[in-house]
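Comments concern the structure below.
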Protein chains: 2
Amino acid sequence: MNIGEAAAASGVSAKMIRYYEQIGLIKPPARTEAGYRVYSDNDISTLLFIRRTRDLGFAVEKIGDLLTLWHDRSRASADVKRIALDHVDALERKMRELQSMADTLRHLAQNCHGDGRPDCPIIEELAHAEALPSCHAPAPRPRADSLQNFRKHG
Amino acid sequence: MNIGEAAAASGVSAKMIRYYEQIGLIKPPARTEAGYRVYSDNDISTLLFIRRTRDLGFAVEKIGDLLTLWHDRSRASADVKRIALDHVDALERKMRELQSMADTLRHLAQNCHGDGRPDCPIIEELAHAEALPSCHAPAPRPRADSLQNFRKHG
DNA sequence: CTTGACCTTCCCATCATTGGAACCCTTATT
DNA sequence: AATAAGGGTTCCAATGATGGGAAGGTCAAG
């Protein structure tokens, strides 16, 4: 199986397969005499595992941890569970953050006529608000997004 | 007002102020003879506007659109409202996506003992699932994250 | 007149992913 | 056998928003 077939079989693009190899997430596969990468069924399983965890929003580093645990027959299921639930926490934090933004925006938009006239409370608030309704956070400047790695490209 | 004071007054870091200038989001300010940037109260208002929209998760490009509308006295409030509600839609789509990930993960974690033994249905599912529960999406390969620009760093 | 805190520009790193150029290999058709 | 199409290979660059840091200039207080 060459890289194109592996990509089709796993749903991970050839580009990303090479990238995962480069950063050490997967082992360099065998090569043909011409230098083509050759993937086994086992490799495809790994790629499928990676795609699934990635679809769940795990950062590549965490995927590496999960791969290690997968191959560690003496793992403690508690370790896996902790990674999973930590990620659930992160997802929920992110959701709350987005929820807060959406609530504020909906609130602002509520009083906007949305017609041809220039009067617009949304712009007014953005321009003059001492603090936007959403800004009830305690820390002085807890930048909107404190989370990374929820995967950007698709 | 030099860049440090402007940063303190607006909550936008000096680094970002220079960056916003570089990408054309804000106009190059006046300079002292020594080359220091000098900001007016008006400039600070703009930076505050930017910070607020940024805190609401708008991409820099949209912030540019909003700045233009802000300064356009003949704007239609409908234009502002559309940008706002489009963004609410995007936020909600993103939230649903994260919700789906979290639901799947919680479901997987539910049946995991989370003790010292290696048996782990989370790993099992990730390794062997034909399709994970969350993968009930219609399109053949709608990569997890179809949204960008929800601001990564803080 | 020195010290320290600021400013300037420039480059680099992040994270996951895509795009493209330049070049080599394989396969199928003429 | 020659050729064209469609892969593979490597390397480099860009994305978006941000932080980090180096090298060097400037300003204000001591």
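Here is how names work: the chains are called A, B, and so on, in the same order as the sequence lines, proteins then strands, and each is numbered from 1.
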Nearest 0.5 angstrom please: Met101(A) CE to Asp55(B) CG, how far? 7.5 Å
Please, which pairs that meet ring pair (Phe, Tyr, Trp, His ring centres under 6.0 Å) have at least one residue in residues 62-86 of chain B, sequence neighbours excluded? Phe49(B)-Trp70(B)
To the closest 0.5 Å, what do you measure between CG (Leu98(A)) and CG (Asp103(A))? 10.5 Å
After noting the C-alpha distance and the side-chain angles of Asp72(B) and Asp79(B), does the key distance pass the side-chain contact (heavy atoms from CB on, under 4.5 Å) rule? CA-CA 11 Å; Asp72(B) 178 4; Asp79(B) 291 342; over 6 Å; no
Can you check the Arg54(B) CZ to dT18(D) C1' distance for me, whole Å? 9 Å
Could you check how far NZ of Lys62(A) sits from C1' of dA16(C), rounded to whole Å? 17 Å
How many angstroms lie between CD1 in Ile26(B) and CZ in Arg18(B), if you round to the nearest 0.5 Å? 11.0 Å
For residues Ala14(A) and Ala7(A), report the shortest heavy-atom separation together with the two atoms involved. N-CB, 3.6 Å
Does any residue of residues 28-48 of chain B have a heavy atom under 4.0 Å from DNA chain D, and if so, which ones, in number order? Ala34(B), Tyr36(B)
Assess whether atom NZ of Lys81(B) is packed by more than 12 heavy atoms of other residues, nucleotides or ligands within 6.0 Å. yes
State, to the nearest 10°, the angle formed by the axis through the first five base pairs of the helix from dC1(C)-dG30(D) to dT30(C)-dA1(D) and the axis through its last five. 30°
Closest non-hydrogen atom pair, Leu85(B) against Ala109(A): CD2-CB, 3.7 Å
If you assign Ile3(B) and Glu61(A) each to the DNA chain C nucleotide with the nearest heavy atom, which residue ends up on the more 5' nucleotide? Ile3(B)
Pair listing, ring pair (Phe, Tyr, Trp, His ring centres under 6.0 Å) test, anchored in residues 17-46 of chain B, at least two apart: none
Of residues 14-25 of chain B, the positions that come close to DNA chain D - non-hydrogen atoms, cut-off under 4.0 Å: Lys15(B), Met16(B), Tyr19(B), Tyr20(B)
With sequence neighbours excluded, residues passing salt bridge (Lys or Arg N to Asp or Glu O under 4.0 Å) with Asp43(A): none
Between C1' on dA17(D) and CZ on Phe58(B), what's the gap in Å once rounded to a whole number? 17 Å
Value for CE (Met16(B)) from CD (Gln22(B)), rounded to nearest 0.5 Å, stands at 10.0 Å
May I have the distance from Asn2(B) (atom CG) to dT8(C) (atom P), rounded to whole angstrom? 7 Å
